Chemist: 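Submitted below is the structure of interest, expressed as structure tokens.
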Amino acid sequence: MATISPSLPPQEESAARVVSDQRLRDRFGRALTDLRLSVTDRCNYRCVYCRTGNEGAQYTELAIEEYLRMVRILVSLGIEKVRLTGGEPLLRSGLVEMVRELSTLKTAFLPDGTPTNDGLPLDLALTTNGHLLDGLAMPLKEAGLRRVTVSMDAVDAETFATITRVPRSYDRVLAGIRKAADAGLGPVKVNCVLLRGFNDHQIEGFAAFSRRENVIVRFIEFMPLEEDRSWRPETVVPMREILKRLDAYRPLVELPQHSASETARRFTFDDGIGEIGIIAPVSQPFCGHCSRIRITSDGKLRTCLFSQSDHDLYGRMLRGGTDEQLAAYIRQVVLHKEERHHIGEPGFEKPSRNMVHIGG
Ligand code: SAM
């Protein structure tokens with residue numbers, strides 16, 4: 001492994017660092033450190049903006065051991081953070097055991113890109129709709145999960161049921177959020193996709209919810225990733241409008257970013273109670289700092305939510321690829337990660353798959 005001599009003069013030292021930095025990078029120099037791994041494309045919700053509601057029972061999942069092999073290879077290449085997603089990941093049998101295995105993995109590089117045999121534990125997170133979280137929060141925490149994000153598009157039970165098309169789930173999700181916080185999976189983030197005419201009347205309610213429940217509420221602009229291709233620019237509630245509404249509810253104070261690749265702008269209120277994040281991929285894209293890649297539940301590698309194709313990592317595994325061959329393939333694929341998405345531009349093409357099949 002390449003190491004850096006402490007006696008090198010500064011200029012040579014920085015050149016040596018670049019050479020020794022073998023982390024996964026694309027051709028624009030972005031280090032790819034975050035993996036979103038979809039462990040199933042099944043979902044127990046039929047959210048109006050995500051699913052057509054008419055899907056059959058078809059779904060695709062790999063064996064847990066197959067996902068684990070992919071993750072191990074990716075970690076050896078520089079992945080530091082793994083977020084489990086789906087479909088609905090809590091539907092996946094073997095999830096707790098998978099988290100236990102993942103929690104034993106260590107990052108392969110120091111923050112400056114130097115390879116190490118003594119890395120930090122992976123940052124392990126999960127995104128869920130929360131329907132099954134009450135029963136699973138504690139086992140997941142004990143297995144090594146660090147944080148949880150719950151998707152929740154309304155803070156009143158009626159609107160919630162209209163959006164998810166699942167009756168009587170709201171109280172379960174609320175119980176799941178509280179259990180996750182009690183289990184130490186906090187601070188719990190609650191993600192809300194705002195759609196004009198569906199749930200934009202909930203903005204102030206979410207502000208109160210954040211303050212009352214001590215959770216970080218993050219509003220996400222609606223992206224063209226839905227199954228029935230119903231996205232229209234006018235359905236998106238843009239960041240500036242959300243901020244204006246929140247500020248009128250109670251004056252906002254902006255918080256510093258945690259890191260350059262952070263997707264959310266963060267705010268609290270003038271009394272410091274509550275936290276709001278705004279993720280604005282449509283009105284204020286953050287592609288320049290994107291550090292993400294994705295693996296779909298059928299083992300395809302995706303370099304962008306909006307990719308027009310995905311890359312058959314699982315197929316190469318099935319054909320007997322060694323870890324070294326798979327690693328070389330991954331390096332090659334990510335080099336061509338898209339520079340940015342083109343939402344809202346003339347000629348924008350919707351991605352080859354929709355959110356539930358990509359892994360949100
Ligand atoms: N079932 C899990 C959940 O509900 O969090 C994980 C998968 S779900 C597809 C992940 C997230 O994607 C959810 O927060 C959902 O609201 C969001 N999502 C789905 N379609 C979207 C779209 N077109 N634009 C923005 N976010 C979307």
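Here the structure is a predicted model, which is why all the values come from computation and not from measurement. Order of appearance sets the numbers: ligands from 1, and atoms from 1 within every ligand. We're numbering straight along the sequence, starting at 1.
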Chemist: How far is atom 26 (N) of ligand 1 from its nearest protein heavy atom, and which residue and atom is that?
Modeler: Val193 CG2, 3.4 Å
Chemist: Are Arg42 and Tyr59 in a cation-pi contact, defined as NZ or CZ under 6.0 Å from the six-membered ring centre and within 45° of the axis?
Modeler: yes
Chemist: Only heavy atoms of Phe222, strictly under 4.0 Å: list the atoms of ligand 1 that pass.
Modeler: 22 (C), 23 (N), 24 (N)
Chemist: With a 4.5 Å cut-off on side-chain heavy atoms, are Phe209 and Val217 touching?
Modeler: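 SC-SC contact between Val217 and Phe209 confirmed.
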Chemist: Check whether any N or O atom of Tyr49, backbone or side chain, sits under 3.5 Å from an N or O atom of ligand 1, and answer yes or no.
Modeler: yes
Chemist: Heavy atoms only, cut-off 4.0 Å: how does Thr128 contact ligand 1, side chain, backbone, both, or neither?
Modeler: backbone
Chemist: With backbone taken as N, CA, C and O and side chain as the heavy atoms from C-beta onward, which portion of Thr85 lies under 4.0 Å from ligand 1: side chain, backbone, both, or neither?
Modeler: side chain
Chemist: Between Arg147 and Asp123, is any pair of side-chain heavy atoms under 4.5 Å apart?
Modeler: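 Yes, side chains in contact.
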Chemist: Report the member of Pro281, Ser151, Gly130 with the shortest heavy-atom distance to atom 14 (O) of ligand 1.
Modeler: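 It is Ser151 whose heavy atom sits nearest to atom 14 (O) of ligand 1.
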Chemist: For atom 22 (C) of ligand 1, what's the nearest protein heavy atom and its distance?
Modeler: Met223 O, 3.5 Å
Chemist: Is the shortest heavy-atom distance from the side chain of Val193 to the side chain of Leu195 under 4.5 Å?
Modeler: yes
Chemist: Test Tyr45 against Ser151 for side-chain contact (heavy atoms from CB on, under 4.5 Å), laying out the working first.
Modeler: CA-CA 11 Å; Tyr45 281 4; Ser151 304; over 6 Å; no
Chemist: Specify side chain, backbone, both or neither for Asn129, according to which of its non-hydrogen atoms lie closer than 4.0 Å to ligand 1.
Modeler: both
Chemist: Looking at ligand 1, does any of its N/O atoms fall within less than 3.5 Å of an N/O of Asp153?
Modeler: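 Between Asp153 and ligand 1 (N or O atoms, distance only) the closest approach is not under 3.5 Å.
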Chemist: Please state which protein non-hydrogen atom is closest to atom 10 (C) of ligand 1 and give its distance, to 0.1 Å?
Modeler: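 Going atom by atom, the protein heavy atom closest to atom 10 (C) of ligand 1 ends up being Gly360 CA, 3.7 Å.
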Chemist: Run the ring-centre check on Tyr49 versus Phe198 and record whether the distance is less than 6.0 Å.
Modeler: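 No, the ring centres sit 6.0 Å or more apart.
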Chemist: Asn199 side chain to Asp153 main-chain N or O, any donor-acceptor pair under 3.5 Å?
Modeler: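 Yes, because the side chain of Asn199 sits within donor-acceptor range (under 3.5 Å) of the backbone of Asp153.
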Chemist: Can you tell me if Gly87 contacts ligand 1 (heavy atom of the residue under 4.0 Å from the ligand)?
Modeler: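 Flag set, Gly87 near ligand 1.
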Chemist: Which residue and non-hydrogen atom of the protein lie closest to atom 9 (C) of ligand 1, and at what distance in Å?
Modeler: Met355 CG, 3.6 Å
Chemist: Determine which pairs satisfy side-chain hydrogen bond (donor to acceptor under 3.5 Å, both in side chains) with at least one residue from residues 277-289, sequence neighbours left out, and list them in order.
Modeler: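 Those involving residues 277-289 are Glu221-Ser283.
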